[in-house]
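Here's the structure we're looking at; comments come further down.
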Amino acid sequence: MDWVKEDLEYIWHPGSQMKDYEDLPPIVIERGEGLWLYDTEGRRYADVVSSWWCNLLGHCHPKINAAVKNQVDTLEHVIFANFTHKPAIELCRGLAKLVPPGLKKFFFTDNGSSAIEVALKMSFQYYLQTGRPQKRKFMALTGAYHGETLGALSVSGLSLNASVYQPLLLDIIRVQGPDCYRCPYGLTRESCRAECFEQAEAALALHGRETCGFIVEPLVQAAAGMRIYPPVYLKKLREACDAFDVHLIADEIAVGYGRTGKMFACDHAGISPDIMCLSKGLTGGYMPMALAVTTQKIYDAFYADYNEGKGFMHSHTYCGNPLACSAGVAVLETLAQDDILANARANAEYFHKLAIEMLEPESHVGEIRHIGLINAIELVADKRAKTPLNPEKRTGYRIYKEALKMGLILRPLGDVLYFNPPLNITRAEMDFVVQTTLRAMGKIWDD
Ligand SMILES: *Cc1c(COP(=O)(O)O)cnc(C)c1O
């Protein structure tokens with residue numbers, strides 16, 4: 001059977017120009033174990049991008065596998081309106097102890113984008129039924145990524161994903177976000193006071209009255225190239241949102257679950273959002289599921305006699321799927337029992353030091369930024385001037401193709417290469433990842 005030929009006959013792959021597949025056909029993966037994926041030819045690949053950032057504890061983790069196997073023989077799915085089940089309750093009970101203080105109510109959806117839609121609708125409806133219907137706009141940062149459905153895409157600020165669909169999108173208030181590598185104030189993220197927050201402050205002063213929610217990816221604008229900014233920005237945002245009576249919506253879909261070294265990125269700033277969205281690591285990357293978590297205060301604004309019409313009438317068929325919840329429970333148990341976060345924090349220093357030592361001297365490496373185990377390597381034409389490479393040369397993509405031949409999945413964001421591995425990656429595996437990246441880059445510089 002020619003699996004590749006058949007794939008191309010039937011399948012339209014996500015986020016791809018399918019013509020690229022002429023040159024780089026899809027790799028048929030047969031099985032996974034830990035950091036590694038194995039293809040049908042017996043070749044193996046280090047999945048240092050965690051299969052789009054969702055694989056949290058390695059592929060086919062024994063404890064998660066066991067939990068899902070057990071669940072599939074017990075209950076595979078049940079309608080979640082008026083029905084519930086133990087895995088959903090256990091998951092929320094466990095998460096309630098971990099989320100930032102004040103977040104109490106858990107609304108399930110079946111992917112990250114739909115959790116963003118929930119957050120937007122919930123925020124709007126809250127103000128509608130608490131007497132402030134004029135509050136119906138959203139603020140979001142440049143470089144933001146919040147998903148692909150039309151509401152989520154509206155608040156996303158990445159031109160590549162959004163520009164084609166502009167005529168279909170919501171009218172939102174775009175705020176210039178932090179850009180710490182090329183800081184317009186000439187400051188550094190280690191020592192600044194988030195002076196750039198004045199942009200958000202000004203937008204809130206001007207439009208706060210008509211705004212219901214300000215949505216951000218806390219600390220890391222992931223899809224924009226793992227752009228990292230300091231916690232003080234979030235502290236200021238929390239204060240300003242309070243002052244202008246605007247919900248702070250934290251999209252922790254990519255950065256939650258220990259990716260930044262703490263359970264949630266908001267924890268670095270010691271803040272609680274009004275609504276927090278989770279997905280990706282939530283099920284360890286096993287099954288599509290997401291949550292919008294909110295406060296008692298927001299929940300209470302929807303709590304009324306049925307005929308008042310104040311309920312949150314939003315649902316997805318697979319809300320609270322028991323298989324996904326059972327994976328989610330196993331993830332929380334493993335995080336606690338195996339001391340995953342503490343180990344990841346210790347390893348994060350090692351990983352970053354290694355990346356700096358081996359990769360920073362390279363001629364086109366502009367910055368290697370990191371938080372937790374996330375490391376991003378921004379490639380530039382000129383190190384001192386920080387000028388970007390010509391995007392049409394697709395340098396990142398060409399390095400990705402070289403690295404694949406060497407057994408490493410490095411799928412970059414434009415010309416930003418990054419590592420965002422499972423939290424239990426070993427030091428030997430980190431050595432392989434960094435060495436292979438160096439070799440793959442070398443191939444391209446030589447061309
Ligand atoms: C992946 C992601 C989303 C969208 O989640 P999907 O499950 O792909 O719809 C939203 N926000 C952030 C920050 C993400 O990384």
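One-based numbering, in listed order, for ligands and for the atoms of each. The basis for the numbers below is simple: all heavy atoms, side chains too, and nothing from hydrogens, waters or symmetry mates.
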Sole candidate of Phe138, Tyr126, Phe124 that passes ring pair (Phe, Tyr, Trp, His ring centres under 6.0 Å) when paired with His247: Tyr126

Options His146, Glu148, Lys280, Met289, ranked by nearest heavy atom to atom 14 (C) of ligand 1, top entry: Lys280

Cation-pi check, Lys105 onto Tyr299 ring (under 6.0 Å, within 45° of axis): yes

4.0 Å protein heavy-atom contact status of atom 11 (N) of ligand 1, strictly under: yes

Polar contact flag for Ser279 and ligand 1 (N/O pairs, less than 3.5 Å): no

Contact atoms of ligand 1, heavy-atom distance to Gly147 under 4.0 Å: 4 (C), 10 (C)

Cys192 vs Tyr185 side-chain heavy atoms within contact, under 4.5 Å: no

Check: Phe80 ring centre within less than 6.0 Å of His85 ring centre: yes

For atom 9 (O) of ligand 1, closest protein heavy-atom neighbour: Ser113 OG, 2.6 Å

Enumerated ligand 1 atoms positioned under 4.0 Å from heavy atoms of Glu217: 13 (C)

Charged tip of Arg31 within 45° of Tyr38 ring normal and under 6.0 Å: yes

Those atoms of ligand 1 less than 4.0 Å from some heavy atom in Asp251: 10 (C), 11 (N), 12 (C), 13 (C)

Ligand 1 atoms in contact with Ala254 (distance to a heavy atom under 4.0 Å): 15 (O)

Proximity flag Trp52 to ligand 1, non-hydrogen atoms under 4.0 Å: no

Polar proximity ligand 1 side, Trp53 side, N/O cut 3.5 Å exclusive: no

Short N or O distance, Gly112 and ligand 1, threshold 3.5 Å exclusive: yes

Ring centre gap for Tyr257 and Trp53 strictly below 6.0 Å: no

Near-ring test Phe351/Phe419, centroid separation under 6.0 angstrom: yes

Any Cys60 side-chain heavy atom under 4.5 Å of Glu33 side chain: no

